[in-house]
**Student:** 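The structure follows.
Just so it is clear, the values below take in all heavy atoms, side chains as well, and ignore hydrogens, waters and symmetry mates. Labels below follow one simple rule: chain letters A, B, ... track the order of the sequence lines, proteins then strands, and each chain is numbered from 1.
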Number of protein chains: 2
Amino acid sequence: MHKPTIEDVAKLAKVSTATVSRVINKQGGVKSSKEQRILEVIEELAYIPNAVARSMVRKITNTIGVIIPDINNPFFPLVVSGIEQQARKKGYFTILCNTNESPEIEEELIQILLERSVDGLIITTANEYGHQLQPVIDRRIPVVAVDRQIRNYEVDTVLVGNMDGAYQATRHLILQGHKKIAIIRGPQNTTPGYERFVGYRRALEDYNIPLLDEYVLEGDFKEESGYLDTQKLHSLQDRPTAIFTANNLMTLGCLKALTKIGWVLGEEVSLIGFDDLDVAEFVNPQLTVVSRPMRQLGEAAFDLLYEKMTHQGEWTKRHYVLSPKIKIRQSCVLRPSKTME
Amino acid sequence: MHKPTIEDVAKLAKVSTATVSRVINKQGGVKSSKEQRILEVIEELAYIPNAVARSMVRKITNTIGVIIPDINNPFFPLVVSGIEQQARKKGYFTILCNTNESPEIEEELIQILLERSVDGLIITTANEYGHQLQPVIDRRIPVVAVDRQIRNYEVDTVLVGNMDGAYQATRHLILQGHKKIAIIRGPQNTTPGYERFVGYRRALEDYNIPLLDEYVLEGDFKEESGYLDTQKLHSLQDRPTAIFTANNLMTLGCLKALTKIGWVLGEEVSLIGFDDLDVAEFVNPQLTVVSRPMRQLGEAAFDLLYEKMTHQGEWTKRHYVLSPKIKIRQSCVLRPSKTME
DNA sequence: TATAAAAATGTAAACGTTTAGATCATCTCG
DNA sequence: CGAGATGATCTAAACGTTTACATTTTTATA
C-alpha cells in the first residue's frame with residue numbers, strides 16, 4: 001500500500017540507492033548487468049521517482065508559473081498553448097493561474113507560486129506598476145511579461161506592436177476616406193490600452209484629423225463594455241462613420257450592439273478591430289482586423305524565460321516586439337451613400 | 001542571497017522551528033507575544049515557506065493535474081476555468097496539460113504528473129480504453145473523467161447528456177419537416193462521438209426515417225474535417241436538407257464551407273450544431289445549437305474530485321450527467337421553396 | 001603478478017519542513 | 001504551598017531523493 005521508494009528498489013536489486021539514482025537519471029557509469037537488473041526491479045515494483053524529493057535536494061522544480069488575467073478571452077489560451085508546448089519540449093511543466101484581472105488575486109497567486117518554488121514566471125499582469133513582483137525579483141526568479149509591461153522593474157517583455165497595429169488600423173480607416181473615427185479603447189493604465197490609443201491618436205495627427213473627445217470611449221476589454229460604448233456612439237448627435245475597437249472582446253460586443261440597434265455595418269458605419277476573432281469571417285461584410293501572432297507570443301515568452309533560467313547570466317531588460325498584421329476584409333469600405341456628407 | 005528558511009526565522013526570533021511552523025500554519029497554542037515577534041521576523045526576512053519541503057513530509061501537494069486534449073477548442077478553456085476556480089477556493093493548484101489528442105503524450109504526461117505527486121487528476125482522455133490510467137489507479141489517486149468516459153476502469157465521470165442533446169437536435173430538425181438529415185459525427189471510439197451519433201440514430205428511428213450511409217460522415221472534431229465533410233455532402237447527388245454537426249469546431253468548418261461553396265444556410269440547407277459558439281449569433285440566419293454548461297462541468301468535476309481526495313471513502317463509480325439545452329435560433333427553419341420536393 | 005589508474009559502487013549528509021513525544025512553565029485549587 | 005493539570009515550547013526523527021566523497025572492484029601496464 002505504501003508507494004515504493006528508491007530504497008525499496010535498491011534493496012530488491014541488491015545495490016545502493018546511489019546506484020539506482022544513477023540509472024534513473026541516466027548518468028552512466030553503471031555496469032550494464034546491474035543496470036538491467038535495476039530496470040527490471042523498477043518495472044516490477046512499478047516504481048515512480050518522487051519529483052518532490054528530487055526538487056528538494058536539487059532546488060529546482062522544472063515548473064514554471066503562468067499568470068493570465070482572463071482565461072475566457074480566447075487570446076490567452078492561444079498564448080498559453082504556445083508557452084506550454086515550448087515548455088514541454090524543454091521538460092518544464094506549467095502551472096496555470098487566472099487572476100480574473102484582480103491585482104489582489106494576482107498578488108496571492110504570486111505568493112503561492114513562490115512557495116511552490118517555480119523556476120520561472122510568465123505573467124500578463126493585472127497591475128502594471130508591478131510592486132506585486134517585488135518578492136519574485138528579490139529571489140532572483142526569472143520573469144517574463146507578456147502583452148503587458150511592468151513599469152517599475154526590469155523584466156523581459158514580449159509583446160506585439162500595439163501602437164503600430166493601432167496606427168495601421170486607424171490609417172486604414174483614414175485612407176478609406178473616413179474622418180469621423182471613434183475609438184473604443186481599453187483601460188489607460190494598461191500597456192495595450194494606452195499604446196493602442198496612442199497609435200490611434202498619432203494616425204489622426206499625421207493626417208490632420210482632429211481628435212474629438214466624444215469619439216473616445218473607454219471600455220474594460222470585456223464584451224459588455226464594447227456593447228455599451230457602441231450604443232453610446234450611436235446615440236451621438238454627430239455619429240462617427242467608423243469605429244476602432246481596441247480588443248477582440250470589445251469588438252464582439254460592438255458587433256452585437258450594431259445588429260441590435262440596427263446600425264448597419266459597412267453601410268452606415270465601418271469597423272476595424274484589434275485582434276482577430278472567429279466571428280470576423282462570418283459577419284457581413286467580413287470584418288477587417290489587426291491580427292497578432294498569439295502562439296508565437298507564447299513561444300517567444302518561454303524561450304526568453306528559458307534563457308534566463310539556464311544561463312543565470314545577464315540581467316539586461318530585453319524587449320521582444322512581434323509585428324501585428326492587418327487582415328483586410330470588407331468592413332471598412334466607405335459606401336458613398338450616406339456615410340460622407 | 002540564500003533563501004531564508006524556517007531555521008533562520010527561528011534563530012532570529014529565538015524560538016524553535018517547531019514554534020515557527022505552528023504560527024505559519026496557524027495552529028494556535030503559541031503565546032501571542034512570541035507569535036508577534038515571529039511574524040515580525042518573517043516580514044523582516046521576507047521569508048516564504050517552502051511548499052516542496054512541506055509536501056515532502058505531509059505527502060500531499062495540494063496540486064491537481066488537468067489533462068485536456070485540445071486547448072484550442074474553446075470548449076476546454078471554459079471547463080478548465082470552472083475547475084480552476086473551484087480548485088482555488090479549496091486551496092488547490094492546477095497543472096494544466098494538453099495532449100493534442102495524442103495517447104502517447106497523454107501517457108507521458110500521466111507519468112510526469114505522478115512523479116509530481118498530484119493529489120488528484122481530472123482528465124478528458126485521448127484514449128478511452130484507459131490503460132494509461134493503470135498507474136494512477138494503482139496508486140489510489142482519485143481521478144475524474146470529464147466529457148469522455150473511461151471504459152475499463154471505475155472512475156467517476158461527469159458529462160452532459162450527449163445522446164439526449166443529439167436526440168433533441170435531430171428531433172428538432174425532423175419536427176421542422178426535414179427528412180434528409182445528414183450528420184457529421186465525431187470519432188466513434190470516443191464517448192461524445194459515439195453517443196451523439198446514437199442520439200441521432202434513435203431520433204431517426206423514432207420518427208421512422210431511414211438512416212442513410214451516405215448521410216453519415218465522420219470527422220475528427222476539428223475544424224478542417226467539418227469543412228471537408230460539408231463539401232462531400234454538397235457533392236452528393238441527393239443532397240441532405242439538413243446537417244447536424246457533432247461539435248463546435250466541425251460546425252465552424254461546416255459554416256465556412258457553406259459560404260465558400262454557396263450552399264445557402266437556412267434556404268437550401270438547415271444546420272444545427274452541438275455546442276454553442278460565438279459565431280452562432282452572427283451568421284444569417286442565426287445558428288440553432290445544442291449548448292452545454294461547460295463551466296459547470298468543470299466545477300462539478302472538481303467537486304467530485306475533491307470529495308474523493310478528502311474522504312478517501314467509497315470507491316463506487318459515480319456518474320454526473322448535466323443536461324444540455326437546445327438554443328433555438330433560426331438556422332433550422334425549413335423554407336418551402338426548394339428544400340422539400 | 002604487482003601496481004597504478006580507472007571504473008563502479010557505496011556511505012552518509014543534506015535539502016526545509018512537520019510533528020510526535022519530551023520537557024518546561026504556568027495555572028488551579030485544595 | 002504543593003500536586004496536578006494544562007499550556008507552551010523544544011528536540012529530533014522522518015519524508016525520498018541527490019551527490020560529494022570514500023571505498024571497492026576491475027582493468028591496464030609494466
**Student:** If each of B:Gly28 and B:Met56 is mapped to the nucleotide of DNA chain D with the nearest heavy atom, which maps nearer the 5' terminus, i.e. the 5' end?
**Tutor:**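 Result: B:Gly28.
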**Student:** Tell me the interatomic distance from B:Gln27, atom CD, to C:dA20, atom P, rounded to whole angstroms.
**Tutor:**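 For the pair B:Gln27 CD and C:dA20 P, the rounded distance is 10 Å.
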**Student:** So does A:Asn50 get a side-chain nitrogen or oxygen closer than 4.0 Å to the phosphate oxygens (OP1/OP2) of D:dC15?
**Tutor:**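 For D:dC15, neither OP1 nor OP2 has a side-chain N or O of A:Asn50 closer than 4.0 Å.
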**Student:** Side chain of A:Arg58 only, please: which of C:dT17, C:dG10, D:dT19 is the nearest?
**Tutor:**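 Selected nucleotide (nearest to the side chain): D:dT19.
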**Student:** Both B:Lys59 and B:Thr19 contact DNA chain D. Taking the nearest nucleotide for each, which residue is further toward the 5' end?
**Tutor:**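 Whichever sits nearer the 5' end wins; that is B:Thr19.
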**Student:** Between D:dT9, C:dG16, C:dA12, which nucleotide has the shortest distance from any of its atoms to the side chain of B:Ala53?
**Tutor:**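 Of the candidates, C:dG16 comes closest.
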**Student:** Taking only side-chain N and O atoms of B:Ser21, does any of them lie within less than 4.0 angstrom of OP1 or OP2 on C:dT18?
**Tutor:**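 Answer is yes, contact under 4.0 Å.
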**Student:** Calculate the interatomic distance between B:Glu115 atom CD and D:dT17 atom P; express it in whole Å.
**Tutor:**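 My rounded result for the distance is 10 Å.
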**Student:** Would you indicate which nucleotide in D:dT11, C:dT17, D:dG16 comes nearest to any side-chain atom of B:Ala18?
**Tutor:**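 That would be D:dT11.
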**Student:** Could you tell me how far apart B:Arg54 (CZ) and D:dG16 (P) are, to the nearest whole angstrom?
**Tutor:**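 About 18 Å, once rounded to whole Å.
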**Student:** At under 4.0 Å, does any side-chain N or O of B:Ser16 touch on OP1 or OP2 of D:dC10?
**Tutor:**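 Yes, B:Ser16 has a side-chain N/O under 4.0 Å of OP1/OP2 on D:dC10.
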**Student:** Between atom CD in B:Glu7 and atom P in C:dG16, what is the gap in whole Å?
**Tutor:**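 Rounded to the whole Å, the gap is 9 Å.
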**Student:** Take the protein atom CZ of B:Arg22 and the nucleotide atom P of C:dT17, then report the distance between them rounded to whole Å.
**Tutor:**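 Answer to the nearest Å: 15 Å.
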**Student:** A:Arg37 has an atom CZ; how far is it from atom C1' of C:dT9, in whole Å?
**Tutor:**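 Between C1' of C:dT9 and CZ of A:Arg37: 17 Å.
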**Student:** Rounded to whole angstrom units, what separation is found between the CG atom of A:Leu45 and the C1' atom of D:dG16?
**Tutor:**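 Checked: the CG to C1' distance equals 15 Å.
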**Student:** Return the value, rounded to whole Å, for the distance between atom CG of B:Leu114 and atom P of D:dT17.
**Tutor:**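 Spelled out: CG on B:Leu114 to P on D:dT17 is 13 Å.
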**Student:** Is any side-chain N or O of A:Lys34 closer than 4.0 Å to OP1 or OP2 of C:dT9?
**Tutor:**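 Looking at the OP1 and OP2 atoms of C:dT9, one of them is under 4.0 Å from a side-chain N or O of A:Lys34.
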